[in-house]
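Structure record follows, encoded as structure tokens.
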Amino acid sequence: MGKEKSPRRVTACIKSSSSFRGAQIYLERDGVLELLLSEADAALQPKVRCFSWLPKEKVALFLQSTLHQDISRRIAAFRYELRGDWNSRFSWPSGNLSTEVIRGNIRTVSNNVDLQESIIYVSATRIHRQKFALFQPVGKYGKSAGSIRTLLRCGVKPGPGSFLFTGWLHFGEAWLSCAPRYKDFCQIYEEARQAHENPCEVSLD
């Protein structure tokens with residue numbers, strides 16, 4: 001008998017608002033509480049915290065108010081969303097795997113050490129798919145441009161060449177899944193097409 005596959009974990013993330021005050025958020029798992037977001041951390045700047053669990057596990061979020069000397073009103077607002085598999089080795093730009101598929105060139109990259117993320121500024125040459133209009137025409141020639149975020153540890157740097165950027169929307173921002181050079185993607189795509197292993201069709205030019 002073949003080895004059984006491990007059950008796929010479910011991942012979710014929360015993001016505090018810029019005005020998060022008066023509470024802290026705990027994650028409860030199997031009767032044990034774990035501090036997920038403190039008021040002090042959220043007060044510095046909006047924070048994203050992610051957690052995962054197995055399908056049979058029971059988890060819950062608890063919002064606990066914090067004590068203050070004054071009685072002024074405080075609002076502890078945050079957003080919540082399920083997250084896709086950002087660790088996939090390669091994302092085909094079709095189906096439900098990627099919501100954002102952009103072909104373009106890297107203009108600049110800025111790094112935020114505090115948030116441990118990089119922002120990639122991209123000049124788009126072709127928009128294959130975007131769920132929301134994150135890439136908009138700019139300048140007198142109307143070329144589309146926008147930004148994509150990724151983890152700082154990915155070590156993205158600006159450089160020549162055309163890339164195919166694929167990813168997901170995460171709290172209204174585009175996050176990178178993978179970005180092969182376009183010529184490399186075309187080669188991989190053609191090999192998969194000839195082997196009848198393509199999950200979808202992509203218009204190449």
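Just so you know, these numbers use all the heavy atoms, side chains as well, and skip hydrogens, waters and symmetry mates. Given the structure is predicted, the values throughout are model-derived calculations rather than measurements.
For the pair Ser17 (side chain) and Ala77 (backbone), a donor-acceptor distance under 3.5 Å is present. A donor-acceptor contact shorter than 3.5 Å links the side chain of Thr125 to the backbone of Arg103. Glu39 places a side-chain N or O within donor-acceptor distance of the main-chain N or O of Gly22, the cut-off being under 3.5 Å.
Looking at heavy atoms from C-beta onward, His128 lies in side-chain contact with Leu164 at the 4.5 angstrom threshold. The shortest distance between side-chain heavy atoms of Pro158 and Tyr121 does not fall below 4.5 Å. At a threshold of 4.5 Å between non-hydrogen side-chain atoms, the residues Gln24 and Thr66 count as touching. Residues Ser147 and Val122 have side chains not in contact (no heavy-atom distance under 4.5 Å, counting atoms from C-beta outward). A heavy-atom distance below 4.5 Å is not found between the side chains of Glu34 and Tyr26. When side chains are defined from C-beta on, Ile14 counts as touching Arg49, because their heavy atoms get closer than 4.5 Å.
Clustering ILVMFWY residues whenever any of their side-chain heavy atoms sit less than 4.5 angstrom apart, transitively, puts Leu35 in a cluster other than the one holding Leu61. There is a path of hydrophobic side-chain contacts, each under 4.5 Å, that joins Tyr80 to Leu36. The hydrophobic cluster containing Ile127 also contains Ile106, counting ILVMFWY residues as joined when their side-chain heavy atoms lie under 4.5 angstrom apart, directly or transitively. Side-chain heavy atoms closer than 4.5 Å link hydrophobic residues (I, L, V, M, F, W, Y) into clusters, and following such links, even through other members, never connects Val156 to Ile119. When hydrophobic clusters are built by joining Ile, Leu, Val, Met, Phe, Trp and Tyr residues whose side-chain heavy atoms come closer than 4.5 Å, directly or via intermediates, Phe20 is grouped together with Phe51.
To the nearest 0.5 angstrom, Ser110 atom OG is 8.0 Å from Arg149 atom CZ.
Closest approach of Ala145 and Arg107 over heavy atoms only: CB-NH1, 3.5 Å. When all heavy atoms of Phe78 and Ser16 are compared, the pair lying nearest together is CB-CA, 3.9 Å. Closest heavy-atom contact between Gly104 and Phe165: O-CE1, 3.7 Å. In terms of heavy atoms, Arg29 sits closest to Glu57 at NH1-OE1, 3.8 Å. In plain terms, the two heavy atoms of Ala124 and Ile102 that are nearest each other are CB-CG2, 3.7 Å. Across every non-hydrogen atom of Lys157 and Val109, the tightest pair is C-CG2, 4.1 Å.
With Phe62 as the partner, the side chain to side chain contact (heavy atoms under 4.5 Å, CB included) test is satisfied by one option alone out of Leu27, Leu33, Ile25: Leu33.
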*Could you check Ser118 against Asn111 for side-chain hydrogen bond (donor to acceptor under 3.5 Å, both in side chains), going step by step and ending with a plain yes or no?*
CA-CA 4 Å; Ser118 298; Asn111 298 320; 2.6 Å; yes

